[in-house]
Structure formats: C-alpha cells, structure tokens
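Counting starts at 1 for both ligands and their atoms, following the listed order. The structure displayed is predicted, hence computed values, not measured ones.
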Amino acid sequence: MSEDEKLRIAIIGGGIGGLSAAHELLKAGHEVELFERAPFLGGQVVTFPIADTRLEYAYHHLFTSDTIIQELMAELGISDRLEWYPSKTGWFQGGRIYPFVSPMDLLRFRPLHPWNRLRLGLVVLFLQRYDNWKRLEGTTATRWMRRWAGSDAYDHVWEPLMRGKFGSRAEDVSMAWLWGKIHLRTTSRKGVNKEVLGYPKGSFAVIVDALECSIRDKGGVIHTGASVERILTEPVGNGERLRATGIHADGRDLRFDRVISTIPSNRFLAIAPPLGEEYERKLKAGQYQGALCMLLVMSRPLSDTYWMNIGEEDFPFVALIEHTNFVPKEWYGGKHILYVSNYLSTRDDYWRKSDEELLEAYEPYLRRINSEFSRDWIESCFVFREPAAQPIVTPNYSPLVPELQTPVEHLILANTTQIYPEDRGTNYSVRLGRQAARVATGREP
Ligand SMILES: Cc1cc2nc3c(=O)[nH]c(=O)nc-3n(C[C@H](O)[C@H](O)[C@H](O)COP(=O)(O)OP(=O)(O)OC[C@H]3O[C@@H](n4cnc5c(N)ncnc54)[C@H](O)[C@@H]3O)c2cc1C
C-alpha cells in the first residue's frame with residue numbers, strides 16, 4: 001500500500017469489536033490507534049487472575065455455530081486453546097432440577113402437560129428448520145409462542161427464559177430474536193441428545209491477549225485508561241454535512257482520517273456530533289438491559305448442572321451458571337465457580353444494591369437449590385455490572401438498526417445493537433469489527 005492510500009484510523013473501545021477492527025485494519029496496512037476507557041482491554045469479556053489461569057467476571061462460552069471467532073482464533077494461532085465440553089443444562093422448578101438438553105428431557109419435563117411437551121417439541125423443531133426469520137419480525141415472541149406452543153409452554157418455559165434475558169421488558173421482544181436463539185443453538189448439538197459448548201483454556205483473555213499482541217506487532221498503538229470525550233468534525237460541501245477529523249481524549253485533540261466507535265449507542269450519542277434526526281432516532285431506539293452478574297468462588301459445588309434456568313418467578317435471579325460443572329475445577333486450584341445471573345434495568349432496586357446486600361438477598365434462594373448451601377462455602381465474591389449488556393430487540397427491528405456508516409463522513413459505528421437477528425455475542429462482535437474495517441476503508445458501503 002502506498003503512503004497516500006494509508007489511512008490513520010482511531011478506534012474507540014477495546015472490547016472484542018474494537019480489537020477485531022484494529023486487527024483487520026492493520027493487516028490491510030493502515031495505521032491504527034485504539035482508545036479504551038478502562039485500564040484494561042476486553043470490555044464485557046474482562047477477566048481476572050485466579051490460581052494459574054484467568055477467569056471472566058461474567059460467564060462466557062462459545063457455540064459450534066460461532067465460526068467467525070473460531071476462524072479468528074485459527075488466524076491468531078490459538079485454535080488449540082479452544083476445548084469443547086458437554087453443556088449439562090438444567091431447569092429448576094417446584095424444588096427440582098430437571099435436565100434440559102435432549103428431546104427426551106423435554107418429554108419428561110413434568111411442569112408441562114404431556115401433550116404440551118410434544119407440542120413444544122414440534123414448535124422447536126419447526127423453528128430449527130425455518131429460515132425466513134423476516135416473516136417472524138412483526139410479532140413479539142410472547143404472542144407467537146402463546147399462539148403456536150400454547151400458554152402452558154409459554155408460562156412454564158418461554159416466559160422464564162425471556163425474563164431471564166430481558167427482565168421486565170421480556171414481553172416487548174421480537175420473535176425474530178427468539179428464532180435466532182433457537183435456530184443457531186441447534187447447530188451446537190452433537191447428535192440428538194448432546195450439546196457441546198466451547199471454552200478457551202486460559203479463558204477468553206487468550207483471545208484478547210492474542211489480538212493485543214497482533215495489533216502491537218503490526219505497529220498499532222493501544223491507549224488504555226483513555227476515555228474519548230468528543231468526536232471532532234469539520235463542515236464539508238456547503239457546510240450542510242460534517243466529516244469526522246479526529247477525537248478529543250486525554251485533554252488533547254488528535255487528528256485521524258477515520259473514526260470507528262464500538263461503544264454503546266447511548267454513550268456514542270453523548271460524544272458524537274449531530275447525526276441527524278433519523279439516525280439519532282435509531283440510536284435512541286437501541287435500548288439495553290443491564291447485566292448484574294455475581295461470581296462466587298466456593299469450596300463446594302452447588303449442583304451438578306452447568307447452566308440452570310430458574311423457572312420460579314419469585315427468585316431474585318434468573319439463572320445459575322456453575323462454570324466448574326463445564327470445565328475442570330483443577331484449573332482454579334480445585335475451587336468451584338458459580339455465577340448468579342440477572343438481567344435488569346439499571347433503574348431496578350437490585351442494580352443499586354451493594355455486593356453484600358445482593359448476597360444477602362440471594363442466599364435463601366441458593367439454599368432452595370441446595371439446602372446445605374452455606375456462606376462458609378464462599379471464599380470470594382465479585383459483582384460485575386454492565387449497563388449495556390443486552391440490546392432489547394423489539395418487533396420490526398430491521399429498520400431501526402443504525403447503519404455502520406453514520407451520516408457524518410468518515411465516522412463509523414459498530415456496536416451490539418447492530419447484531420441482528422442473531423443474539424449479541426463475541427462471535428458477532430468479531431464480524432462487526434471486520435465489517436467496520438471494510439466500511440472505514442471504502443471496501444463496503
Ligand atoms: C453477562 C454476560 C454474559 C455473556 N456471555 C457470553 C457468552 O457466553 N458468549 C459470547 O460470545 N458472548 C457473551 N456475552 C456477550 C459478549 O461479551 C459481548 O457481546 C461482546 O464482548 C461485546 O464486545 P464489544 O466490543 O462489541 O463491546 P464491549 O465489550 O462493550 O466494548 C466496548 C468498550 O468500549 C469502552 N468504552 C466505552 N466508552 C468509551 C469511551 N468514551 N472511550 C473509550 N472507550 C470507551 C468500554 O470500556 C468497553 O471496553 C456476554 C455478555 C454478558 C454481559
């Protein structure tokens with residue numbers, strides 16, 4: 001590439017999306033500087049050291065359908081770190097944990113009337129094979145499921161699952177989103193009765209570290225603890241349009257040819273120039289549910305299930321993810337790792353509770369799962385709060401997805417609200433980062 005063609009590009013955000021965009025641009029020969037507000041990289045896949053390894057503050061795994069991130073791992077020479085394990089999913093209801101992996105598990109699922117189990121199985125089978133998600137876009141998952149799977153299946157299975165991801169906004173979610181969850185999850189099955197999930201030995205930090213190394217090796221510059229406060233612009237044409245010329249960070253104006261932002265839409269609106277009524281409407285439509293995830297490092301296991309959906313409405317959390325029922329506890333010095341998961345609005349009372357208050361609220365419910373559970377089992381407790389964890393995908397979402405190329409020339413947006421109809425995840429942040437790189441360099445409109 002000639003010096004004339006070489007672009008100087010600023011990337012805002014050092015999560016998987018921003019790092020993937022930087023990696024892609026450097027491969028193409030451009031100059032890149034990445035700005036991350038936190039003192040570390042990784043964004044939502046932030047990890048901490050434990051025993052001789054690292055661990056995510058919020059549970060993470062991959063599906064076999066997550067092929068883009070697997071390709072990236074191969075490119076970075078770290079494919080051998082990815083290991084696949086059976087998923088051991090369960091469902092807690094009426095004081096019992098039901099296995100919830102295979103069609104046989106569904107047929108034995110007592111909370112549902114036998115005929116409704118069969119009906120639910122047929123609906124899932126249909127969605128696994130159905131490709132035309134656009135036809136499901138206009139309705140909510142609640143309405144569609146009540147109609148086709150029936151109210152019994154909705155109340156006992158789908159409602160708890162949807163509430164588990166969207167809290168009080170569960171009934172607003174599009175059927176296209178649920179289609180994406182069911183359709184893609186099928187491809188993570190090994191035969192009829194088994195599902196496998198992937199996890200990199202050494203944690204997702206292995207991917208973040210490899211991206212960081214690749215960026216630095218190719219001459220990219222990474223600034224951590226560097227919050228971007230404003231995107232700089234100049235007028236173009238007759239002053240009717242704006243063009244991005246750089247960013248303001250660390251009290252300085254820094255000039256760039258292109259700016260790619262990977263931060264949540266609400267934060268982007270706060271630092272972006274005027275983007276026009278239409279585009280700003282799309283950004284405001286992109287609302288999020290927050291994730292409140294408690295991590296307990298324990299001396300004993302709570303259950304033998306990896307992923308336990310909670311079917312009881314009175315529980316103050318929505319799922320339990322016992323990481324060491326998925327990967328070996330020996331990686332963590334023999335400790336048991338339990339995540340207590342909640343998705344809720346940042347206005348919810350629980351969001352404001354201290355770590356101790358949260359633990360106090362959760363404790364009696366953990367004892368309902370295992371009556372022997374005691375605080376003495378807990379060796380450490382961390383609480384991870386991410387306000388922009390889960391985009392709320394409402395019916396007819398397609399026209400609300402903001403374009404990557406914003407109305408401001410040379411300013412590109414790539415965040416999780418643009419992942420659709422798939423559910424957000426690291427795999428799709430890699431895809432989005434690559435796409436942002438192509439848009440920034442004019443290889444994609
Ligand atoms: C509880 C939970 C469980 C999950 N489980 C899974 C899973 O099992 N599998 C999976 O694949 N995915 C999972 N995900 C989703 C996955 O982690 C995210 O989709 C992905 O990491 C998002 O990456 P990103 O780069 O798009 O955004 P982010 O990770 O949010 O990165 C954005 C970055 O921008 C930075 N930033 C914000 N404002 C500024 C500013 N002004 N200046 C500079 N930097 C700024 C932030 O600090 C952040 O680091 C989970 C997420 C959560 C919350």
- [ ] State the atoms of ligand 1, each with its element, that fall below the 4.0 Å cut-off from a heavy-atom position in Ser227.
- [x] 41 (N), 42 (N)

Task: For Leu41, the option from Val46, Asp209, Leu211, Leu34 that meets side chain to side chain contact (heavy atoms under 4.5 Å, CB included) - done: Leu34

Task: Residue selection (non-hydrogen contact nearest atom 11 (O) of ligand 1) among Thr426, Ile321, Leu432 - done: Thr426

TODO: Only pairs at least two apart or in different chains count here, so list each ring-ring contact (aromatic ring centres under 6.0 Å, His included) that has a residue in residues 207-228.
DONE: Phe35-His223

Task: NZ/NE/NH1/NH2 to OD/OE distance under 4.0 Å, Glu357 and Arg352 - done: no

- [ ] For ligand 1, indicate whether the residue Tyr343 contacts it via side chain, backbone, both or neither (heavy-atom separation under 4.0 Å).
- [x] side chain

TODO: Between Ile12 and ligand 1, find which residue part has any heavy-atom pair under 4.0 Å and reply side chain, backbone, both or neither.
DONE: side chain

Task: From Ile11, Ile263, Leu34 - option closest to atom 38 (N) of ligand 1 by heavy atom - done: Ile263

TODO: Report, in ascending order of atom number, the atoms of ligand 1 lying under 4.0 Å from any heavy atom of Gly13.
DONE: 33 (C), 34 (O), 35 (C), 44 (N)

Open item on the list: Does the residue Tyr339 have a heavy-atom contact with ligand 1, meaning some pair of atoms that are separated by less than 4.0 Å?
Closed with: no

Open item on the list: Tell me if the centroids of the rings in Trp177 and Tyr397 come within less than 6.0 Å of each other.
Closed with: no

Task: Part of Tyr59 with heavy atoms under 4.0 Å of ligand 1, whether side chain, backbone, both or neither - done: both

- [ ] Could you tell me whether Tyr59 and Phe326 have their ring centroids closer than 6.0 angstrom?
- [x] no

Open item on the list: I need the nearest protein heavy-atom contact for atom 52 (C) of ligand 1: residue, atom name and distance, please.
Closed with: Arg424 NH2, 3.7 Å

Open item on the list: Counting only heavy atoms, tell me which of Thr416, Thr417, Asn427, Thr262 gets closest to atom 32 (C) of ligand 1.
Closed with: Thr262

Open item on the list: Check contact between Cys293 and ligand 1, using heavy atoms of the residue and a distance below 4.0 angstrom.
Closed with: no

Open item on the list: Under 3.5 Å, is there a donor on one side chain and an acceptor on the other for Thr47 and Arg54?
Closed with: yes

Open item on the list: Donor-acceptor check, side chain of Glu75 to backbone of Ile78, threshold 3.5 angstrom: yes or no?
Closed with: no

- [ ] Please state which part of Ala414 comes within less than 4.0 Å of ligand 1, counting heavy atoms only: side chain, backbone, both or neither.
- [x] neither

Task: Ion pair Asp314/Arg368, N-O distance below 4.0 Å - done: yes

TODO: Measure from NZ or CZ of Lys88 to the centre of the six-membered ring of Tyr306, then state whether that distance is under 6.0 Å and the direction lies within 45° of the axis.
DONE: no

TODO: State yes or no: are the ring centers of His61 and Phe63 separated by less than 6.0 Å?
DONE: yes

- [ ] Using a strict 4.0 Å cut-off to heavy atoms of Ala389, name the atoms of ligand 1 that fall inside it.
- [x] 53 (C)

- [ ] Report the nearest protein non-hydrogen atom to atom 22 (C) of ligand 1: residue, atom name, distance rounded to 0.1 Å.
- [x] Ser429 OG, 3.4 Å

Task: Ala58, portion touching ligand 1 at heavy-atom distance under 4.0 Å - done: side chain

- [ ] Using a 4.0 Å heavy-atom cut-off, say whether Arg267 meets ligand 1 through its side chain, its backbone, both or neither.
- [x] side chain

Task: Electrostatic pair Arg281:Glu277 at N-O distance under 4.0 angstrom - done: no

Open item on the list: Is the positively charged end of Arg367 above the ring of Phe373, judged by distance under 6.0 angstrom from the centroid and angle within 45° of the axis?
Closed with: no

Open item on the list: So for ligand 1, is Ile16 a polar contact partner (N or O within less than 3.5 Å, distance only)?
Closed with: yes

Task: Six-ring centre of Tyr332, Lys329 cation under 6.0 angstrom, axis tolerance 45° - done: no

TODO: Name the option, out of His223, His61, His60, that contains the heavy atom nearest to atom 16 (C) of ligand 1.
DONE: His60

Task: Plane angle bin for Trp331 and Tyr199 - parallel if under 30°, tilted between 30 and 60°, otherwise perpendicular - done: parallel

- [ ] For atom 40 (C) of ligand 1, state which one of Leu197, Ile419, Val228 supplies the nearest heavy atom.
- [x] Val228

Task: The one among Gln44, Glu56, Arg37 that brings a heavy atom closest to atom 27 (O) of ligand 1 - done: Gln44

TODO: Please indicate whether any nitrogen or oxygen in Glu36 is less than 3.5 Å from any nitrogen or oxygen in ligand 1.
DONE: yes

Open item on the list: Among all protein heavy atoms in this structure, tell me which lies nearest to atom 31 (O) of ligand 1, with the distance rounded to 0.1 Å.
Closed with: Gly15 CA, 3.6 Å

Open item on the list: Within the structure, is a non-hydrogen atom of Ala226 found at a distance of less than 4.0 Å from ligand 1?
Closed with: yes

- [ ] Answer yes or no: is there an ion pair linking Asp66 with Arg431, defined by an N-O contact shorter than 4.0 Å?
- [x] no

- [ ] Before signing off on this row, confirm whether Asp66 and ligand 1 have an N or O atom pair separated by under 3.5 Å.
- [x] no

Open item on the list: If the cut-off is 4.0 Å to any non-hydrogen atom of Gly17, which atoms of ligand 1 fall inside it?
Closed with: 24 (P), 25 (O)

- [ ] Report, in ascending order of atom number, the atoms of ligand 1 lying under 4.0 Å from any heavy atom of Gly43.
- [x] 29 (O), 48 (C), 49 (O)

